[in-house]
Amino acid sequence: MTLRLTNSLTRRTEPFEPLQPGQVSMYCCGVTVYDLCHLGHARSYIAWDVLRRYLLWSGYQVTFVQNYTDIDDKILKRAAEEGSSMELVSERNIDAFVADMAALNILPADRMPRATQSLDAIRELIGELQAKGAAYGADGDVYFAVMKHAGYGKLSGRDLSEQQQNADGRVSGSEEARKHHPFDFALWKGAKPGEPSFPSPWGPGRPGWHIECSAMVRQELGTTIDIHLGGADLIFPHHENEIAQSEAATGQQLARWWLHNGMVNVGGEKMSKSLGNFTTIRALLESGTSAMTLRLFVLQAHYRKPLDFTTEALAAAATGWKGLNAALQLAAQVGSGDWGPATEAQASDLLSEGRLRFSAAMDDDLNTSAALAVLFELAKPLRSLANRSERGDAHAAAEALALHAESQLVLELAGVLGLKPEGESRPGGAAIGGPSEAEIAAAIAERQAAKAAKNYGEADRIRANLLDQGIELIDKPGGLTDWLRG
RNA sequence: GGCGGCAUGGCCAAGUGGUAAGGCAGAGGAUUGCAAAUCCUUUACCCCCAGUUCGAAUCUGGGUGCCGCCUCCA
């Protein structure tokens, strides 16, 4: 089996093969750091994190580059509102981005270039485009001439002559007046009074949005990369323009594969800053949704399809994760021991089948939904074991031995999806402002006594009292009482 | 208007020619003083119409509905 991926460039799902055998270069369009990331960003970056993890797991050497857009009108606007500076706003949001990604267990990119630190490469690229006649200057701005690039529109399926007509009514404003064609776009923007600016052969100013990606891709990964990633909303104009710039300059293909993720919707509409219907990653995590629940929620749908964000769907994912997490926690316990080769062999057939089904699902354009189904099925026996072993069942402990290999596989496959055991809430977990373990044990003993005396009113009162303090009691067969700190 | 995508049980969501994975919720049972948790069992003919085929959720054509992009956007 080989990995098949849907390439936006060809609109087909094709077998993936990197330019250099065994090595994959990937570039992902990052964020404009004017604000916190929301669930749309989370979805996108989780999807590509899974692609990266899967490639690594499959034995590829992967170089992953993601940029920060730290020069932008919105950053300037934000800085002006705060009486701050572009640098401070950017720094703050880059820090937040790093923290949010780490919280979601998204592997950090190998390199994360910033527009402000890539100006030489940007200016060089603009210069080349101008030398080749693909760009023209106008009042301190420099524009890319889309009509000079034969392939323009190949990614988004646009036809320039038709677009010309459709765009006629929109041509207005000074920038539009300077353009030769409505779809021409700025490579370099001349500085307006009071704006931060950088020197250039065309006068002080700053780079346009699209050019930075072209410059960074070339600088960090070379002329032609294997995979370029981004949200479907970037196909036009951003990615189309990136292709035009890079390919006009180098004469070579920019990226062999273009992968685009579907949008996160709220009530049938795209989640976005402008619509104001967004939830930040931070806010969601702070409201009590765990990072792994969010990952599960995202991964249960295929990455190219729209994903509707609802509290119901999220709650379903939370419950689903609770069960999977229990299995993973046990697996981490069981899988860590050294049990010898004899037990490993016992479950090998079942395991290799699971591994195969998982790979087959992932090979099919990253069918994480199907891959998760495999994971849930593998986790099932572990879950039931987890529940039995808690009451010290000797038989269960013996089974645990036999399931050692299975535990490792479950952890391994979960890891490919970036899912890891989360939050130790069983006895022994750290108390944060709640009753201590000793206090809980005492209360349980008290309730036990009340139950023995058939004083159920008192027993229920103790239980309710603990629940108020965030401690949930679970009676197990055999008279034992377990508890969870929620 | 142009380009692209989607429509599967109460909800989410796989499935791309041979009689529908998985998760959540629900139901029944076991267990329990009760509850929770857990375990077992269980719930669909796939938007509509026509066609291709021995056979279609899966292919073709036509509808209907919804979404994204065409302006900054993951």
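In what follows, chains carry the letters A, B, and so on, assigned in the order in which the sequence lines appear, proteins first and then strands, with residues in each chain numbered from 1.
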Margin query: Tell me whether D110(A) contacts the main-chain N or O of V65(A) through its side chain, where contact means a donor paired with an acceptor under 3.5 Å.
Written below: no
Margin query: Any side-chain to backbone donor/acceptor pair from Q329(A) onto P421(A)? Under 3.5 Å, distance only.
Written below: no
Check if the side chain of [X] and the base of [N] share a donor-acceptor pair of N or O atoms closer than 3.5 Å.
| X | N | answer |
| --- | --- | --- |
| R463(A) | rA36(B) | no |
| D460(A) | rA35(B) | no |
| S369(A) | rA21(B) | yes |

Beyond-backbone contact of [X] with [Y], side-chain heavy atoms, under 4.5 angstrom:
| X | Y | answer |
| --- | --- | --- |
| K189(A) | D73(A) | yes |
| L155(A) | I235(A) | yes |
| P108(A) | F64(A) | no |

Applying the Watson-Crick and G-U wobble criteria at under 3.5 Å, what pairs with [N]? Answer none if nothing qualifies.
| N | result |
| --- | --- |
| rA74(B) | none |
| rA30(B) | rU38(B) |
| rC59(B) | rG51(B) |
| rC66(B) | rG5(B) |
| rU19(B) | none |
| rA44(B) | none |
| rC24(B) | rG10(B) |

Check: Mapping G268(A) and A315(A) to their closest nucleotides on RNA chain B, which lands nearer the 5' end?
Finding: A315(A)
Check: Of K380(A) and L372(A), whose closest RNA chain B nucleotide lies nearer the 5' terminus?
Finding: L372(A)
Could you list the donor-acceptor pairs under 3.5 angstrom formed by side chains in residues 93-100 of chain A, with sequence neighbours left out?
from    : atom 1 : to      : atom 2 : distance (Å)
N93(A)  : ND2    : V33(A)  : O      : 3.3
N93(A)  : ND2    : V89(A)  : O      : 3.0
D100(A) : OD1    : R282(A) : NE     : 3.1
D100(A) : OD1    : R282(A) : NH2    : 3.0

Margin query: So G323(A), base contact, sugar-phosphate only, or nothing? Heavy-atom distance under 4.0 Å.
Written below: nothing
Send over the distance from [X] [atom1] to [N] [atom2], rounded to a whole Å.
| X | N | atom1 | atom2 | value |
| --- | --- | --- | --- | --- |
| L299(A) | rG23(B) | CG | C1' | 13 Å |
| F185(A) | rC69(B) | CZ | P | 20 Å |
| W321(A) | rC24(B) | CH2 | P | 13 Å |
| D365(A) | rU16(B) | CG | C1' | 13 Å |
| N465(A) | rA35(B) | CG | C1' | 16 Å |
| R158(A) | rG2(B) | CZ | C1' | 8 Å |
| F376(A) | rA13(B) | CZ | P | 15 Å |
| L473(A) | rU32(B) | CG | P | 18 Å |

Item checked: Contacts of type side-chain hydrogen bond (donor to acceptor under 3.5 Å, both in side chains), residue E220(A), not counting sequence neighbours -> R111(A)
Margin query: OP1 or OP2 of rG15(B) versus the side-chain N and O atoms of N367(A): is any pair under 4.0 Å?
Written below: yes
Check: What is the ring orientation for W258(A) with H239(A), classed by angle as parallel under 30°, tilted 30 to 60°, or perpendicular over 60°?
Finding: tilted
Checklist line | Letter per nucleotide, 5' to 3', of nucleotides 5-12 of chain B [B base touched, S only sugar-phosphate touched, - untouched; heavy atoms, 4.0 Å] | finding: -SS-----
Checklist line | Within residues 24-35 of chain A or reaching into it, pairs that qualify as side chain to side chain donor-acceptor pair (under 3.5 Å) - sequence neighbours excluded | finding: S25(A)-D226(A), Y27(A)-N67(A)
Notebook entry, point to check: For F236(A), is the NZ or CZ atom of R158(A) found under 6.0 angstrom from the centre of its six-membered ring and inside 45 degrees of the ring axis?
Noted result: yes
Note to self: Just to be sure I understand the geometry, which residues of residues 34-43 of chain A put a non-hydrogen atom under 4.0 Å away from RNA chain B?
What the structure shows: H38(A), G40(A), H41(A)
Checklist line | All ring-ring contact (aromatic ring centres under 6.0 Å, His included) counterparts of H41(A), not counting sequence neighbours | finding: H38(A)
Check: From the list rA74(B), rC72(B), rC67(B), which nucleotide is the closest neighbour of the side chain of K74(A)?
Finding: rC72(B)
